[in-house]
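First the structure, in the form of structure tokens, and then the observations on it.
Just so it is clear, the structure is predicted and the values come from calculations on it, not from any experiment. Side chains are part of it too, since the values below use all heavy atoms of this structure and drop only hydrogens, waters and symmetry mates.
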Amino acid sequence: SAASDVYKRQHYCILNNDCVMQPGWDAGLLDEVKLGILELFSPQVLEPNHFKEPYSLTMFLEQEHWRFMSERNRGRYQKGFFGGVVIFGAAEVFNTIGKFDEELWLSLEDMDYEYRAHLKQIPIGICGSVSAFHFVSATRKEVPMSEVKNRDYFKNKWGWDFTENENTFPNKLNRKYSKSVSYTHLRAHE
């Protein structure tokens with residue numbers, strides 16, 4: 001069966017350099033592929049700004065907070081979008097979508113890829129059974145980039161400006177923007 005062949009197929013994990021994965025993450029993500037709920041997805045990403053109290057990599061790894069979060073959220077999914085700092089799926093899924101757009105550098109490349117997955121009707125989302133720790137914009141502090149250039153390119157490419165509606169930063173944190181990405185804008189490209 002296709003589920004039993006999961007471990008024989010090639011898979012890719014796109015991982016930002018400011019992320020640390022929980023121990024055993026690779027087997028956990030392969031188990032998610034085997035379930036067949038999502039074809040392209042992210043683990044839940046824990047960031048220091050998600051917590052009212054100070055949160056650190058030490059807490060994530062040494063205190064095994066990842067274990068608590070993964071066990072608590074096993075079987076929970078947020079469908080229709082993924083977190084761009086970690087993206088996982090079978091090689092054939094990535095091949096179906098194609099390469100990342102090199103015009104989008106260090107911002108919006110994940111949204112562009114997510115949108116292209118929607119256009120191909122590939123089930124995407126976030127799975128709760130695996131966790132990652134993200135240092136948040138560690139690379140951006142070191143490397144200059146242009147948010148405005150990327151935003152304008154994205155707007156010209158797709159004909160809509162994510163900053164004018166659902167994908168504002170507060171809504172992204174609340175995960176409310178996915179309905180618009182998956183329905184409203186897709187209809188314009190059908």
(message) Using side chain to side chain contact (heavy atoms under 4.5 Å, CB included), reason through Y77 and L35 one step at a time and then give a plain yes or no.
(response) CA-CA 12 Å; Y77 300 91; L35 291 174; 3.4 Å; yes
(request) With sequence neighbours left out, write down each residue that passes ring pair (Phe, Tyr, Trp, His ring centres under 6.0 Å) with F41, or none if nothing qualifies. (result) F88
(request) Check side chain to side chain donor-acceptor pair (under 3.5 Å) between S131 and all other residues, then give those that pass, not counting sequence neighbours. (result) Q44, S70
(message) Among residues at least two apart in sequence or on other chains, which ones pass side chain to side chain donor-acceptor pair (under 3.5 Å) with S129?
(response) E32
(request) First locate atom CD1 of I14, then atom CD of E109, and finally report the distance between them rounded to the nearest 0.5 Å. (result) 10.5 Å
(request) Kindly write out the residues that satisfy side-chain contact (heavy atoms from CB on, under 4.5 Å) with I124, not counting sequence neighbours, or none if the list is empty. (result) L40, F82, E114, A117, H118, I122
(message) Checking C13 against V86 for the side chain to side chain contact (heavy atoms under 4.5 Å, CB included) test, could you report, in this order, the C-alpha distance in whole Å, the side-chain angles of both residues, the deciding distance, and whether it holds?
(response) CA-CA 7 Å; C13 183; V86 182; 3.9 Å; yes
(message) Can you pull out every ring-ring contact (aromatic ring centres under 6.0 Å, His included) where at least one residue sits in residues 14-35? Sequence neighbours excluded, please.
(response) none
(message) One pair to check against side chain to side chain contact (heavy atoms under 4.5 Å, CB included): I37 and K79. What are the steps and the verdict?
(response) CA-CA 9 Å; I37 296 169; K79 297 179 181 178; 3.8 Å; yes
(message) For residues 116-136, which residue pairs pass the salt bridge (charged side-chain N to carboxylate O under 4.0 Å, His left out) check, not counting sequence neighbours?
(response) D112-R116
(message) Please find the pair of heavy atoms, one from C127 and one from L38, that lie closest to each other, and give the distance.
(response) N-CD1, 4.4 Å
(request) Provide the closest heavy-atom pair for M21 versus P43 in the form atom of the first, atom of the second, distance. (result) CE-CG, 3.9 Å
(request) Using the side-chain hydrogen bond (donor to acceptor under 3.5 Å, both in side chains) rule, collect all pairs that involve residues 90-101, keeping only residues at least two apart or in two chains. (result) R9-E92, D101-Y153, D101-K157
(request) For the pair Y113 (side chain) and I97 (backbone), establish whether a donor and an acceptor sit closer than 3.5 Å, ignoring hydrogens and angles. (result) no
(request) Supply the atom-to-atom distance L108 CG to K155 NZ, rounded to the nearest 0.5 angstrom. (result) 13.0 Å
(message) Can you tell me how far apart SG (C19) and CD (E47) are? Round to the nearest 0.5 Å.
(response) 8.0 Å
(message) Under the salt bridge (charged side-chain N to carboxylate O under 4.0 Å, His left out) definition, can you give me all pairs with a residue in residues 65-77, not counting sequence neighbours?
(response) E64-R67
(request) For L61 and W66, work out which heavy atoms get closest and say how close. (result) O-NE1, 3.9 Å
(message) Going by side-chain contact (heavy atoms from CB on, under 4.5 Å), name the residues that satisfy it together with Y55, two or more places apart in sequence or in a different chain.
(response) L46, F51, M59, F60, H65, F133
